[in-house]
Every structure is written in C-alpha cells, then in structure tokens.
There are 2 protein chains.
Amino acid sequence: MNNQFEHINNSHQKIVEVARELFMEMGYRAVSTRKIAEICGITQPTLYHHFKNKKALYVEVLKSELLKMQTALREIIKKHGNDIEECLFQVTYHILMNKPSSMGQMFHDIEKELGEEDKKEIDKWWIESYQLPIASIFEKGIKEGQIRNPIEFGSYPIPSAYLLLNLISSNYRDVQLQEHIAKEQARFYTNVLLYGLAPLR
Amino acid sequence: MNNQFEHINNSHQKIVEVARELFMEMGYRAVSTRKIAEICGITQPTLYHHFKNKKALYVEVLKSELLKMQTALREIIKKHGNDIEECLFQVTYHILMNKPSSMGQMFHDIEKELGEEDKKEIDKWWIESYQLPIASIFEKGIKEGQIRNPIEFGSYPIPSAYLLLNLISSNYRDVQLQEHIAKEQARFYTNVLLYGLAPLR
DNA sequence: TTATGATTTTATCAGTTGATAGGTTTCTGT
DNA sequence: ACAGAAACCTATCAACTGATAAAATCATAA
C-alpha cells in the first residue's frame, strides 16, 4: 500500500546492489557514477538524490556487505560451535565463496579513498563482522584446550583470526572459485591452520 | 664519459623509481602521469618520450619490482636452504618487509588494468620471482621428510607456496611493519604453517 | 663550428569525471 | 482535486585525465 516507501526502497536498494557488484569487481576509482546509473536504468544526477556523493554510496555498499557477512558468520558459528575444526572449515568455506572478489582492493579503497570518519565507522563494522566472530572461535578453542597455549605459541584469538583472514582474503588470481574447489581449498587451509605442514613426530 | 647514456638512464631510472613508489602506494588509477612527472621534476609530456604510455611504465615498474624480489629470495634460499624452518622464516620476513604496501591492489591492477599480452608476461615474471623459489623450499622439504606427504595431506609444493604467499601478501591494514613486529609476525606465520595451532597429542 | 639526434618544453586536445542548478513528473495524504 | 513532497530528468560546469604536435634546448660527433 505504501507505494512511496516501496519505490524509495526499490531504487535505493537497486543502486546499492549494482554499486556493490561494480565496486567490488572493479574498485572504487574504476567505477563511475554514470556507469552505476546506466545499469540501474536511471540518469547519473538521480544518484545524487539518493546519496550525498560517491563516497557515501561506497560506504553504504560496504556496510551492507559487512552486515550480510556478520549475519552469516554468526549463524555458522552458532551451528557448528561445538566442533572447532568443522566450524573453522565452514567459516573458511563461506568466506571463500561469498567474499568480494578482491578484498585486497577493498581494503585499499577503504584506506585510501575514504575520510577519517568513514574509515573509523567501517572499521567498527569490520571488527563486528569478521574479527570478533572468528576470534571467538579461537577463544573457545583455547579455553577447551583445542588450541595451543597462546602464551607459549603466540596463538592469541585476534592474531589467529587475522592469520586465517589473511589466508582467505588474499588471492593472487581474482578467479571466482567453484564450489568443490573452494571446499578443497577450505579443507586444506583448515588442516594446515590446525595441524601444520610438518609431519607428526 | 658517455654522458648521454648516463643521462638517459638517470631520467629513465628516476621515473621508474618514482612511479613504483606511487603506483604501489596508491594504485594504478589513483596515480596520474602529471603527478609522477611533477615529483621527477620534469613535465608530463616528457614521460611519453621515455615510455610509450602509462601502461608501459606500469609494466616496467612491475618488472623491476619482481626482479628485485627474485634476486633476494634466491639469495636467502641459497643461504638457508639446509634448514627449512629458518629458510621459511627468512623468506617470510623478507617479503613482509620489502613487499609493496598493498599487494592485493597490485594484483587487482595487473588483472584489470593491463592487456592480455602484458598480463601473460607479468605472470611469467611472477612465477619466476615468487612461486618457483618458494615452491622449491617445500619441494625439498617433502623429499627430505620435513613436510607431510602431499598425497595424504594435499601439501603439494605449489599450493603450499600460495598458501604462504596468501598469508603474507594480504594485510587488512596497509601499515608499514616495523622490524621487530615483522619478525614476530614472520615467526608466528612460520610456526603455524609448520606445526599448526592445535596442541600436540 | 656545425649538423644530427636525443631530450625536454609549451600549447593543446578530446574525453571522462564528480557534482550542481533548475525544471518536470510522479506519488501521497488530505 | 489539490498541495506538497519525493523522484527523476535535462543541461551544464569545472577539474582532471592520457595523449599528441610542434617548437626549443642540449649534448655529441664530425
């Protein structure tokens, strides 16, 4: 019934969706406001009715991206929280399949293209979406003795989380992973992370 | 005596150096030919006397960057080749300290901004500079029983090399690492890579 | 000295970019 | 039906981009 509201949401949401696809694929600089508008089927100045400027649109894209990941990771951790190996595998697999094609590019854009205030806000969202959920897995693992003693090995939850995230988020080829290959890769990552490449002595 | 030759080299080399710093820090798109020229102390059209176009300059920057890394890694491997743990640590530490501040951005630029023929050439150089040297460490480790059986664990040399490279090359913060922090991080990476986060049973 | 070629400069172009002003259409609540 | 707001459009701007043409400077070899 509230056609106005739906209409706003439709345009707004479509712009964010299109922008996310382009920004994450090509990077902030390589995507023009005209290209976004064209794909949305609107004219370029209309974008500026929905968003203050290009940066604001990018920030909104990042927020929606991070929020989606936060929801998904919490779900996975709730489901497999009792089995740390399976939990890490599922998290790794999910990120591999659903992350932006080039997270390195995304981090670079956040660092170089946004202002201080935006950066801080995105940082907050990033921590809640990626860092805390994954660190919580390792924290539980340490408590239950499935992860080495951090004091001896340096395996504190947050550094461990970043180690896993670095492992996942970088990819020297930007290829989109196929399902079974991503599963294989996630399994390899998880195995190495937990048990290492050296044979048991 | 050959003043002409020196002069060419001076300009040429200075342009490449300045361009490398800017390209690696800001990314291909964010660096204008005018900015490079300004820092070099020359006018922008002069760049086009030394390089066919912006892309050609970027390719040259990448080549010099990769060549430097190739030389360094071969040196390290020759020196510590008999001790796989120390060798991996030294390689990890060296890359952490000397890599471009954002390798993710670099990969993205290679993938999206270069043509097919340039991409293939850079790929060749990349393999010789990073992939083969690091894979050779794991290959030796497998032969000598310091790395698990690849058939059982999936720890083939090249996937293992990429695992380590992914670990190193990504950094969600683009901060320049300080020496002792990089050493600590390299040690942590090497330890996890070889022995895993799970305690020995 | 002088001719030649390498190097660099000035002037300029055409295309793209993010952004704004001002008018027009569309929708909504009364 | 109508007032007001929201959504969208046309036209346009100033800045910046990579690139080229043509002239000027410079070093070098004869």
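Quantities reported herein were computed from a predicted structural model and do not represent experimental measurements. Residue numbers begin at 1 in each chain, while the letters A, B, ... track the order of the sequences.
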What's the closest nucleotide to the side chain of [X] if the choices are [options]?
| X | options | value |
| --- | --- | --- |
| B:Thr46 | C:dA19, C:dT8, D:dC9 | C:dT8 |
| A:Pro45 | C:dG18, D:dC8, C:dT20 | C:dT20 |
| B:Ile42 | D:dG18, C:dT9, C:dA19 | C:dT9 |
| A:Tyr48 | C:dT17, C:dT20, D:dG18 | C:dT20 |
| A:Lys54 | D:dC8, D:dA19, C:dA19 | C:dA19 |

Take the protein atom [atom1] of [X] and the nucleotide atom [atom2] of [N], then report the distance between them rounded to whole Å.
| X | N | atom1 | atom2 | result |
| --- | --- | --- | --- | --- |
| A:Arg34 | D:dC9 | CZ | P | 14 Å |
| A:Leu47 | D:dC8 | CG | P | 10 Å |
| A:Ile36 | C:dT17 | CD1 | C1' | 12 Å |
| B:His12 | C:dA6 | NE2 | C1' | 14 Å |
| A:Glu38 | C:dT16 | CD | C1' | 14 Å |
| B:Phe51 | C:dA6 | CZ | P | 17 Å |
| A:Met26 | C:dT17 | CE | P | 11 Å |
| A:Arg29 | D:dG18 | CZ | C1' | 15 Å |

B:Lys54 to B:Tyr28 six-membered ring, cation-pi geometry met (6.0 Å, 45°)
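Because its charged atom sits under 6.0 Å from the ring centre and within 45° of the axis, B:Lys54 does stack over B:Tyr28.
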Fill in: Student check: side-chain heavy atoms of B:Phe153 and B:Asn149 closer than 4.5 Å
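Contact flag for B:Phe153/B:Asn149 side chains = no.
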Less than 4.0 angstrom from a charged side-chain N to a carboxylate O is my criterion; do A:Glu116 and A:Lys119 meet it?
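Answer for the salt bridge query: yes.
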### Query
Between B:Tyr58 and B:Asp118, does any side-chain donor sit less than 3.5 Å from a side-chain acceptor?
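The criterion, which ignores hydrogens and geometry beyond distance, is not satisfied for B:Asp118 and B:Tyr58.
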| query | When all nucleic acid strands are considered with a 4.0 Å heavy-atom cut-off, which category describes B:Thr43: base, sugar-phosphate, or nothing? | reply |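 Base: the residue B:Thr43, judged by heavy atoms under 4.0 Å, touches a nucleobase.
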TODO: Please tell me which of B:Ala30 and B:Lys52 maps to the more 5' nucleotide of DNA chain D, matching each residue to the nucleotide holding its nearest heavy atom.
DONE: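 Looking at DNA chain D, the more 5' nearest nucleotide goes with B:Ala30.
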Verify the contact: side-chain N or O of [X] to OP1 or OP2 of [N], cut-off strictly under 4.0 Å; return yes or no.
| X | N | answer |
| --- | --- | --- |
| B:Ser32 | D:dC16 | no |
| B:Thr33 | D:dA19 | no |
| A:His49 | C:dT20 | no |

Discussion item. Can a donor-acceptor pair be found, under 3.5 Å and without considering hydrogens, that links the side chain of A:Arg148 to the backbone of B:Ala198?
Written reply: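 Indeed, once roles are kept as given, a pair shorter than 3.5 Å links the two residues.
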